[in-house]
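Heads up: the structure comes next, in structure tokens.
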Amino acid sequence: MRVTRTAVAGCTAAVLAAGLAACGGSSGGGGNGGSVSGDNLTIYSSLPLQGASRVQGAATVNGAKLALQQAGGKVGKFKITYKSLDDSTAQAGKWDPGQTSTNARKAASDKTTIGVIGEFNSGASAISIPILNRAGIAQVSPSNTAVGLTSSDAGAEPGEPNKYYPTGKRNFVRVVPRDTVQGAAGASVLKADGCKKPFVVNDKEVYGAGLATNVVDSLKAQGIPSLGNIGWDPKAPNYRSVASSIKAKGTDCVFISGIVNNNAVQLTKDLAAAMPNAKILGPDGICTATYTDPKQGGIPASLANRVQCTVATLDPAKYPPAGKQFFAAYKKAFPGTEPDPYAIYGYESMSLLLDAIKRAGDNGNNRQDVINALFATKDRQSVLGTYSIDKNGDTSITDYGLYKIVKGQPVFDRVIKASGS
Amino acid sequence: MEAAALPVRRALRSSVGTAIRKFLNRYGLIIALLALPVYFGIHDLVNQHSLTHIFENLKDGVSNGAIWALVAIGYTLVYGIVELINFAHGEVFMIGSFVSFSVWSTIGLTLTTGALGVVFGLIVTLFVAMIASGSMNVLIERVAYKPLRNAPKLAPLITAVGFSFILQNVGLEWYGGSQKGVDDLIRAQTDFFTIGGVHITHADVLAVAVTTPLVLLLAWFITKSRLGKAMRATAQDPEAARLMGINVDTTISATFLIGGLMAGAAGLIYALYQTTIWFFQGFQAGLIAFTAAVMGGIGNIWGAVLGGVIIGCIQQIADDRMGGGTWTAAIVFAYLVLIMVFRPQGLLGEETREAG
């Protein structure tokens, strides 16, 4: 007993002193720079497959599967296995902090892990990045847009992003533009729609609150400063009084900065009822069928013409030939509905990881070499177009798509050119 | 000289203290309750030159509060008669909402259904939801509370918590983990009429129009009917009631049935009022309704109604004027603390069995 306690205390002290969590981490795959013995590698994904984000999560998984399938399940001499994990729980109806860290630990303790795709939500990545960072495993997010995950620019909280990287080395990249871009895109849409007095509401998560800050900044830069930015309580039964207080300020447009799982449908209904002429714009967090389709519990069809959303995904026709081929292949592999905007990002996340393993050559089973290859990505010709990854792990792509709601589905309307500022 | 002056001064001080305390005891509660509406009323008069805004808040509070009141009645009746906090009651209310939605979808009510069809369909739905929730509550009592009637007090409390979780998971399996939007059959937020600038919406009318007759009927039932008298007798002293020939078990079952019926009605109103249902709604509503029951004086029906309406009004005022809902829960429960400090037995509370 005494021995154990001393060991734990010693371990804690060592962690505090070194800022590393190497203690008891022998199963973590050997820490930074560890090589996977053998040629069998595993790529995990950790995405929400239950709750209102399930459509987005499933599309991302399908995209990743398709990419691996097209690569023949291997890169050079390495055989790649893909394992999909769910970071949501039925109880929460969305990503769950406990499940997210369980998944990250599972990937970290698997000696064959070479990379992780995920998380879908920025708040979840804030939990999994440090775990995978300690294990020295490459992480590619198909969808995280929160600024603070990669840099300390506007929109980041104090202490970000360094608190996510306890080893001091980076291991996280993303294939979507960050929210400085989405915030600017949102502001320019509001301006183009003739908004004079916009108001911002956020769901108080890493993603929602961070993006709200970016939107507020961009609105100011566009010359239509927001009348306010308040957090909404995802558990409230309704938002009628909140809506009437927003209306009382003379608001003519509202930006909903959050995810559909946080009761965004009820919020939209109440805002729309209080302000019958106000336009409502939301980000990628709500740009999915569970928000847009009344049959899936989304907003009523009568609001469809007042609500728009932005996602970094564009119309198939706007993509390079590789992108067009992707959409055709996806529809063939997963017939039925139109691909969710996130399908292509699932595909590209997997493709980028496979490409990094390939570029690492014979060291494709070395975790650090794969991470280095990810960050060395330059002028990569992908389904999304040509892009590079910078030292923070951010993509150089800045195009955003504006989506309208047609027959309950988010449908691409136009490209928004927004400078990343 | 000095020694003689001291007691006088102390007496003087204490008489002032007593006077203040007396004043606070008598009027403190009223002052506390009126503080928010009066403050914001004056605020509106000064800034907007009308009282429309505050009346709008109070109107929303009354219609929201009507739903809490119906749920609170279930808590208060059950506590009054068996001194048990039926933690599963909030979930019975949630099941009421879920049953309502599935019934009206099954009988084919949609946004395109005509007004007459909607009214008729919803009356049918109301009965089904009330009976479903009522019988479920009776069932819970049979299975989880009745066998424990002579067990230590903690035992039925734990089975209540257990049932609450079981029903939550039923709801979770039924419609999933996220909030689910339902068809806005009654055009909830469309104005029904306007008085003095205050918009009375369909949802407000529905909440008040269903709640008022139910509560009046219930009050009549409790005071005048045979079973109602038996309930009150059992509440006062179960042993004596048994000696007088009252079937205590039946009376208790009836109490659970009535509580469940009210919760079922509240479930339907909630689904139509909010146009969103959620497996977790019962937990929240249960907490609020239980607070309302305690605030109003547990065991007292009118207390439950009053508590529900007061909480509804505080919520609306806080939502509207204090940081967009960020502080709402804190303000509601600060009020609960205040009221409990001034009147531990609740607003309309009578002495409970233990105390009396």
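Sequence lines set the chain letters: A, B, ... in the order given, protein chains first and strands last, and positions in each chain run from 1.
Taking CG from A/Asp270 and OG1 from B/Thr275, the interatomic distance works out to 6.5 Å, rounded to the nearest 0.5 Å. Separation of atoms OG (A/Ser241) and CD (B/Gln315) is listed at 9.0 Å; rounding is to 0.5 Å. Interatomic distance, A/Ser245 OG to B/His53 NE2, rounded to the nearest 0.5 Å: 7.5 Å.
Of the listed residues (A/Lys235, A/Arg54, A/Arg240, A/Gln296), the one with the most heavy-atom contacts under 4.5 Å to chain B is A/Arg240. Note on A/Val265, A/Ile246, A/Asn261, A/Asn263: by heavy-atom pairs under 4.5 Å with chain B, the leading option is A/Asn263. With chain B as partner, the option from A/Ser302, A/Pro237, A/Ala273 having the largest number of non-hydrogen pairs under 4.5 angstrom is A/Pro237. Taking chain B as the reference chain and counting heavy-atom pairs below 4.5 Å, the highest number among A/Ser244, A/Gly297, A/Ala90 is found for A/Ala90.
For B/Phe279, the part lying under 4.5 angstrom from a heavy atom of chain A is the side chain only. Both the backbone and the side chain of A/Lys269 come within contact range of chain B, each with at least one heavy atom under 4.5 Å from a heavy atom of that chain. In this structure, chain A has no heavy atom under 4.5 Å from any part of B/Glu56. Heavy atoms closer than 4.5 Å to chain A are found in the side chain of B/Asn169, but not in its backbone. Only the backbone of A/Ala92 comes within contact range of chain B, judged by heavy atoms closer than 4.5 Å. Only the side chain of A/Lys204 comes within contact range of chain B, with heavy atoms under 4.5 Å apart. With a threshold of 4.5 angstrom between heavy atoms, B/Gln274 approaches chain A through its backbone and through its side chain. Residue A/Gln50 does not touch chain B at all, counting heavy-atom pairs closer than 4.5 Å. For chain B, no part of A/Pro276 is nearby; none of its heavy atoms comes within less than 4.5 Å. Interface remark: B/Asp60 contributes side-chain atoms only to the contact with chain A (heavy atom separation under 4.5 Å).
Atom CD of B/Gln48 is surrounded by more than 12 heavy atoms from other residues, nucleotides or ligands within 6.0 Å.
Residues A/Gln266 and B/Gln179 form no side-chain contact, since every pair of their non-hydrogen atoms from C-beta on lies 4.5 Å or further apart.
Scanning all heavy atoms of the two residues, the minimum distance from B/Ser178 to A/Gly93 falls at OG-O, 3.1 Å.
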